[in-house]
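Read through the structure below, which is laid out as structure tokens, and then see the notes.
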Amino acid sequence: MHQISDVCQTMNESHNELFQMKTRRDFIKISALGLGAAALTAGASKMGMGFPLLGSENEPGSEENTLRRVPTYCEVCFWKCAGWAHVTEDGNIIKITGNDDDPQCNGRLCPRGTGGVGMFNDPDRLKTPLIRVVKDGEQTYREASWEEALSLIASKMSDLRSKYGPESMALFMHGAPGTHFSHLLKAYGTLNLAAPSFAQCRGPRDVGFEATFGESVSSPEVTDIRDTRCLVLIGSHIGENMHNGQVQEMSQAIDNGAVIITVDPRLSTAASKSKYWLPIKPSTDIALLLSWIHVLIYDDLYNKEYVSTYAEGFDELKAYVKKFTPEWAYGITTLKPDLIRNTAREMANAAPSVIIHPGRHAAWYGDDVQRSRAMAILNALLGSWGNRGGFFFKEGIKLPEFPHPEYPKPAWTWKDLLNGKYPMANEAPTNLVIESSIPTGDQEAKIKGWIVAGTNLISAIPLKEELSKAMQSLELLVVVDTMPMEITGYADVVLPECTYLERYDDIRATSHREPTLCLRMPAVEAKNQTKPAWWIAKQLGERLGLGAYFNYTDFSEVLDWQLKQVGSSLDEMKRIGVKKLSRESSPYLEPGTSHTFKTASGKIQLYSHELAEAGFDPLPAFTKHPEPEEGFYRLIYGRAPMHTFSRTANNPNLVALMPENSVWINPQVAKIWGIKKDQYVWLKNQDGAVSNFAVKVRITERIRWDSVYIVHGFGHHHKPLHFAYGRGVNDTELITNVMMDPIMGGTGMRGNFITFLTEDPGKEVEA
Amino acid sequence: MRYAMAIDTKKCVGCSDCVIACQTENNVPLGFCRDWVTETVDGTYPNVSIELRSERCNHCDNSPCVRCCPTGASHIEDGGIVLVTQNKCIGCGACIQACPYEARYSHPDGYVDKCTFCIHRVRKGDKPACVAVCPTRCMYFGDLEDPNSEITNVLKNRKFKALAPEAGTNPQIYYLI
Ligand code: SF4
Ligand code: SF4
Ligand code: SF4
């Protein structure tokens, strides 16, 4: 540890150096420091396995009696399944299992959650705070004490506050650390808080459903898949996206004989379990949806009573969809009219126990709110919203906030940056915050400092040029992460967070079929110098004179206080991990009673006045999108069940299951190109962007010949990620054409086309 | 007692949770596995089907791996579970050659390892780790000689197959199709 006197001295040094770096922030690889990298190769094959080897009498696990079980909830994806970390006497986490009482997982974690041990054991984890310094004219990181790093950030943040106002700070966040830093920045005086999960992911879906039903499908989704009789998936690949509850319930639906209809240019796993696979021409989904609506209305299949009781705008809708016959849609979607009619009939037969699933990652073509609207309208016509086997009404419990002074009111927020754009953005689009961090002409940028917590913007954000310009213009860039993701290479200060298995976080208070409370607590002591996000936020707060907002010594005090307000306690939760509460309201519409939807008029908006007033189509329109030129194929990306984007890309246990992605191509395409099975190729897009690395070809009948498919989250170019480096391709480097959704600022990413390079293009990779 | 497993290919999504749960439960070194998932694709676009299967040792009734073992390390326990006693195994690998399913691997510590049906869990009344974790609940484990067991029932009511029956090993992992 540094002495305080050293700290002050080096702090001044690095402060000056930081100040000079305004012109160019070089990308620094953390391996330059020789941090922890060496340890892995030989030991890697046995990583994470503190479990003693099997006894001679084949009684493995007999030492299980010596284990402790510590409650946690998973942080590998947003589903946050509750589980138990199993800890040995010597403080090793050997496995993580689900908590039987958690309705989100029913005692069963998904492969990523089961593999969460790998996150804890990853030898490449960040270990100590790092500060950017200039050494011999070159920028590099220097290991620093927490005291030094925190004081440096706090003094920079104070500067920014006095020079430009607190609103000049912004937060990018994902997952649990986000709440701690949100609290810090709200106390500091800014509301510029953005998460890629909005504009890059579920934003269009949520805005589309809110415009129709007055509320979104939430997270975890209120889809009643368990009891459905017909599940319609449009590009949503449940089973490859392992959102645990949905995967479990889809399996139950299969057992119950539900009809599954999957619309996907690729035979996804879900498509393979479906009665109908509709291999649609990509980008034409709205045409299909409009023709389904046409069939329901003109073949008299819709739920008249539901529509007349709860919805408005039916006449306009009916007149509008008159011309959208299945024959019209056939020419656009390549789906036969009979197939369109039959599937519409299947939905009507099952109604109201039918789900047109709105998916989750919905930022595709820039008209995504409208596509989500079309799905919402279809659900309304079938009467599924508020009915068993459709969408239920969630019920949750809100924990009171731990007492703190009121947040100051910022002079401006991200909403003031919109300038009339994206009128229905109800969360800050990341791209807006990024653009506002770039100076234009003689105009100073509005945003001057970022904290990036738990999100690798380099993989998450498709607007590479803007992102890089913004990062070069910032006066302060702090990255908090557990891993040396690419984004850490751009930071002025890197703060190593401990993993979810080593920390307290907020109580998971879930709204779903029933309200649940769920505890995450440290299973073992945090490794190396890593610290929990709550501690980092509090330390920064105190240094910024905001101590009153952090009136506790340990976060467990906050949790205990909150839990006691709702009749539980930290002690109780430590024992049980999950507490189910009973619900008070009905999860479904009650026959014969009225229901007020949370829209302006209280009715479901088939025709949206809100959209009309904002200058958008009140009824969803089909727009023709560009198609690939000869020799190019539409780039479709998605999920694999063993990975959560780049978050798990270096997890040794999960890398062992799936070390790289592959590019799926149809055999006919392979034949044209003379490409062989398992051959490695480079990908180049319509704008000349070339993939950093080569990717293995998977030749498969499971995909159309006008499209290729890759799993998102691979192709990392940061060498300190030893397991992930150079494996596969990163789809976002090939997404240079972004189709903005004018309604809420979503970044549509499916308008990119790639071709194959069979020879090494010799691209230089910044690593 | 005859332990067996039935796995519903109509529900399996190929997520490999069974693989990683086995790995953490049984301390299988990274890079090796006692169970694994296969995908078979049939047909041509757009008439394509796939079958996903979670595979492991079949705990064969007629087990060539046990017969060929020179030390008796490979043996059959109660309930038909085929096991390797580690400290008797000399790592000669004869059983690896004899198994038609490639169910065994050479553990870096010098013995041969494979699926044990999680006998340490089963003896305590738990399900094997893979069965307990599977998010789709597509795996059934139990006693085929118990007429009331779940597995007996599911095999009574569903069409099923076993792998490579022609090898004559009488495998005890059944795939519901
Ligand atoms: S679905 Fe999987 S990754 Fe997500 S929280 Fe649950 S166990 Fe973790
Ligand atoms: S865990 Fe279950 S669903 Fe997943 S691959 Fe294994 S058997 Fe299939
Ligand atoms: S599957 Fe192979 S290892 Fe298992 S019992 Fe049969 S022959 Fe032996």
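These values consider heavy atoms only, across backbone and side chains, with no hydrogens, waters or symmetry-generated copies. Naming: A, B, ... by sequence-line order, numbering from 1 per chain.
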| said: Would you say NZ of B:Lys159 has more than 12 non-hydrogen atoms from neighbouring residues, nucleotides or ligands within 6.0 angstrom? | reply: no
| query | Given the options A:Met242, A:Glu240, A:Arg702, which has more heavy-atom pairs under 4.5 Å with chain B than any of the others? | reply | A:Arg702
| field | Closest-packed option against chain B by number of heavy-atom pairs under 4.5 Å, given A:Val655, A:Asp255, A:Asn244 | value | A:Asp255
| message | With chain B as the partner, which of A:Ile238, A:Thr269, A:Thr97 has the greatest number of non-hydrogen pairs under 4.5 Å? | response | A:Thr269
| query | With chain B, which of A:Leu267, A:Asn106, A:Ile96 has the greatest number of heavy-atom pairs at distances under 4.5 Å? | reply | A:Leu267
| query | Where does B:Ala129 contact chain A at under 4.5 Å (heavy atoms): side chain, backbone, both or neither? | reply | neither
| message | Under 4.5 Å from any heavy atom of chain B, what part of A:Leu657 do you find: side chain, backbone, both or neither? | response | side chain
| query | Most heavy-atom pairs under 4.5 angstrom with chain A, which of B:Ala21, B:Ala132, B:Pro46? | reply | B:Ala132
| said: If you compare all heavy atoms of B:Leu30 against all heavy atoms of A:Ala656, which two are closest, and at what distance to 0.1 Å? | reply: CD2-CB, 4.1 Å
| said: Under 4.0 Å between a side-chain nitrogen and a carboxylate oxygen: does that hold for A:Glu249 and B:Arg137? | reply: no
| note | Applying a strict 4.5 Å limit to non-hydrogen atoms, the region of B:Glu51 in contact with chain A is neither
| task | Would you indicate whether B:Glu150, at its atom CD, is surrounded by more than 12 heavy atoms from other residues, nucleotides or ligands within a distance under 6.0 Å? | result | no
| note | To the nearest 0.5 Å, atom CG of A:Leu654 lies from atom CD1 of B:Ile20 at 4.5 Å
| message | Between B:Val41 and chain A, with a heavy-atom cut-off of 4.5 Å, which part of the residue counts as in contact: side chain, backbone, both or neither? | response | side chain
| message | Quick one, A:Lys95 and B:Gln23 - any side-chain contact, counting heavy atoms below 4.5 Å? | response | no
| task | Tell me, yes or no, whether the heavy-atom count around B:Glu166 atom CD, taken from other residues, nucleotides or ligands under 6.0 Å, exceeds 12. | result | yes
| request: Could you pull out the closest heavy-atom pair between A:Met642 and B:Ser16, with the gap in Å? | output: CE-OG, 3.4 Å
| said: Could you check whether any side-chain N or O of A:Lys273 sits under 3.5 Å from a backbone N or O of B:Cys12, counting only pairs where one atom can act as donor and the other as acceptor? | reply: yes
| remark: In terms of heavy-atom pairs under 4.5 Å with chain B, the winner among A:Gln248, A:Met658, A:Met250 is A:Gln248
| So, for B:Tyr45 and A:Arg704, which heavy atoms are closest and what is the spacing to 0.1 Å? | OH-CG, 2.9 Å
| request: Indicate the atoms forming the closest heavy-atom contact of A:Ser251 with B:Lys11, along with that distance. | output: OG-CD, 3.0 Å
| task | Name the option with the most non-hydrogen atom pairs under 4.5 Å to chain A; the candidates are B:Thr136, B:Asp8, B:Val19. | result | B:Thr136
| In Å and rounded to the nearest 0.5 Å, what is the CG to OG distance from B:Asp42 to A:Ser272? | 12.0 Å
| A:Arg108 to B:Val131 - nearest heavy-atom pair and separation | NH1-O, 3.1 Å
| task | Can you see which heavy atom on A:Ile254 is nearest to which on B:Lys10, and at what distance? | result | CD1-O, 3.7 Å
